[in-house]
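Note sheet for the following structure.
A, B, ... follow the sequence lines: proteins, then strands. Residue 1 opens every chain.
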2 protein chains.
Amino acid sequence: MVTAVTNTEPRRRNRRGEGGKLRDEIIAAAVALLDEGGDERAVTLRSVARKAGIAAPSIYPHFADQPSIMLAVVQQEMDALTAALKEAGDNAPQGARARLFAVCNAYLDFARVHPQRYRIMFGGLWTPSTEDTSITDADLDALGVEAFTLLVEVLGACVEEGIAHGSDDLYGDAVALWLGLHGLAHQRAVVRKMPGPADVGDRLIRALAHLK
Amino acid sequence: MVTAVTNTEPRRRNRRGEGGKLRDEIIAAAVALLDEGGDERAVTLRSVARKAGIAAPSIYPHFADQPSIMLAVVQQEMDALTAALKEAGDNAPQGARARLFAVCNAYLDFARVHPQRYRIMFGGLWTPSTEDTSITDADLDALGVEAFTLLVEVLGACVEEGIAHGSDDLYGDAVALWLGLHGLAHQRAVVRKMPGPADVGDRLIRALAHLK
DNA sequence: GGACATAAGCTAACGCCCGTAAGTTCACGA
DNA sequence: TCGTGAACTTACGGGCGTTAGCTTATGTCC
């Protein structure tokens, strides 16, 4: 499905003071390109502009360069992921175990529903190096911290409640758990058809959280 | 380090009947580009040709198109990975546990030593879709089967030897173990600096193999 | 209500690299 | 000598990121 780019109606110009709106539209256009199934190579400065219905140079007042668009997308989607995890945790049935599964499954679901977004969030291709771009290392380090903290929290609750064999290193355990989730999420996002049993996610969670 | 491409001596032309040599040289050039730290975008048909010291069109007698080069690289590296795992398994001390750790660590080491190669092997970007390329689904499905089989084997040996709590689904357990390894290997290959404890690999293996 | 400052976005163009097609040269080996 | 395999040169068309300068709508102020 190639959802024609036929933007007749040359796109209503934003009102004064609302120029910032375009920034969000640009990010949305980039996300849309990803969701159409193209990989990150499909997200060029020009293709984003076409999708947003604007001329390519009109992006520059909002983003310093092409990688900056990607960074903005990743930041936005990281926030979305964090929100999804939070919501799943809040809406879960009582009990640390249920919360853990809810949060972990919400993570896996995010990756399944938005494979291409997940790919650029954790696939790390969009910024080959900090040189030549306006992106700083601090930008990159800050990504995903909040979501991970949530995972540490729910895992810790399991240990406290005595339903998981906690080690002396909760943080390390959470990293291991996340790596397992990431392995599955990433592989699903990348491959056409994932082999293996349907409940492999639950297996990973049980094993890596050391549930009793 | 940009290892100059100054190929004076216009490259000795291959003797008759040795045209096939160039094929390997092209693959080697592509791998070299990856190892220089550039991501897969650095591996274009032209850049490969430059690296190999030949003219770009000279590639066509050997590869139908650019993705075919990538496929050849992936196939070659998958074989290399399989060989490395085999060797690690053979050279391991006696006992299923030692073999399991040897094989798993060999996997992780491969990814650490050759992060960019690992990325294209399992990152799945180099073939946006089977359309428009000469690559078939069968090509893709066949990748990595042999290496995975080896993992199933060593894990099965652990269960048989009674040092791991086996479930009724050995294959599924091996998938879960591999996903954990992959999560770590991939993240290390992608990120500048991997957070978390140094022994996170061993933790993953112990937990996912259900070692007693 | 009309002039005008300015924000918002456009057009045109530059230089680069890419994949690929067509036709050509070179040197080995029979 | 000469056929032919190996690799080359040249060229086309297209997409890219980015720069410079222009147009137009919008809201304000007299």
Side-chain angles (χ1 to χ4, degrees), chain A residues 2 5 7-26 29-30 33 38-72 125-129 131-135, chain B residues 2 5 7-27 29-30 33 38-71 125-129 131-135:
Chain A
V2 189
V5 197
N7 273 6
T8 26
E9 294 292 329
R11 173 200 142 84
R12 178 130 189 88
R13 176 178 295 199
N14 279 323
R15 316 274 273 283
R16 277 211 171 186
E18 295 184 343
K21 266 192 183 169
L22 184 50
R23 190 191 146 89
D24 293 339
E25 292 182 35
I26 291 169
L33 285 171
D39 56 57
E40 51 265 50
R41 278 177 298 199
V43 186
T44 69
L45 196 145
R46 287 179 116 110
S47 71
V48 168
R50 277 192 298 268
K51 193 77 184 174
I54 59 175
S58 302
I59 288 182
Y60 285 97
H62 302 282
F63 296 95
D65 47 23
Q66 191 266 355
S68 297
I69 304 176
M70 283 314 226
L71 175 62
L125 176 59
W126 47 279
T127 163
S129 80
E131 315 157 32
D132 306 335
T133 80
S134 64
I135 295 178
Chain B
V2 189
V5 197
N7 274 6
T8 27
E9 295 291 330
R11 175 201 141 86
R12 178 121 190 93
R13 180 174 295 199
N14 279 324
R15 318 274 273 284
R16 281 215 169 182
E18 295 184 343
K21 266 192 183 170
L22 184 50
R23 191 191 146 89
D24 293 338
E25 292 181 37
I26 290 169
I27 297 178
L33 284 171
D39 56 56
E40 52 265 49
R41 280 177 298 201
V43 185
T44 69
L45 198 146
R46 285 179 118 111
S47 70
V48 168
R50 277 193 299 269
K51 194 76 182 173
I54 59 174
S58 302
I59 288 181
Y60 283 101
H62 302 281
F63 296 95
D65 47 24
Q66 191 267 355
S68 297
I69 303 177
M70 283 313 225
L71 175 62
L125 176 60
W126 48 278
T127 163
S129 79
E131 315 157 32
D132 307 334
T133 78
S134 63
I135 294 178

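- A straight line from CD1 of B:I59 to P of D:dA6 spans 16 Å, rounded to a whole angstrom.
- Atom CD1 in A:I54 sits roughly 8 Å away from atom P in C:dG9 (whole-Å rounding).
- Distance alone, capped at 3.5 Å, places no donor-acceptor pair between the A:Q66 side chain and the A:R46 backbone.
- Among the nucleotides D:dG17, D:dA20, D:dA7, the one closest to any side-chain atom of A:R46 is D:dG17.
- A:I59 places none of its side-chain heavy atoms less than 4.5 Å from the side chain of A:H62.
- Atom-to-atom, CZ of B:R23 to C1' of D:dG5 comes out at 18 Å; the value is rounded to the nearest Å.
- With rounding to whole Å, B:F63 atom CZ is found 14 Å from C:dT20 atom P.
- The separation between A:D65 atom CG and D:dC16 atom P is 16 Å, rounded to whole Å.
- One can place CD of B:E25 at 13 Å from P of D:dA6, the figure rounded to the nearest angstrom.
- When each of D:dA7, C:dT20, C:dC18 is scored by its nearest atom to the side-chain atoms of B:L22, the top-ranked nucleotide is D:dA7.
- Considering only the side chain of A:T44, D:dG17 comes nearest among D:dG17, C:dG19, D:dT10.
- Counting any heavy atom pair closer than 4.0 Å across all strands shown, B:P61 reaches no nucleic acid atom.
- Residue B:R50 has a polar side-chain atom (N or O) positioned under 4.0 Å from OP1 or OP2 of C:dC18.
- Mapped onto DNA chain D by nearest heavy atom, A:A42 and A:P57 fall at different nucleotides, with A:A42 at the one closer to the 5' end.
- Across the protein-nucleic acid pair, B:I26 atom CD1 and C:dG19 atom P stand 13 Å apart, rounded to whole Å.
- You'll find that the side chain of B:A56 is closest to C:dT20, out of D:dT19, C:dT20, D:dA7.
- Atoms CG and CZ, on B:L45 and B:R50 in that order, are 10.0 Å from each other to the nearest 0.5 Å.
- Across all strands shown, A:S58 has heavy atoms under 4.0 Å from base atoms, whether or not it also approaches the sugar-phosphate.
- Rounding to the nearest 0.5 angstrom, the gap separating the CG atom in A:L33 from the OG atom in A:S47 is 4.5 Å.
- Rounding to whole angstrom units, CG of residue A:L45 and C1' of D:dC16 are separated by 9 Å.
- Listed pair B:Y60 / C:dA21 fails the phosphate criterion, with no side-chain N or O lying under 4.0 Å from OP1 or OP2.
- In this structure, OG on A:S58 lies 8.0 Å from CD1 on A:I26, to the nearest 0.5 angstrom.
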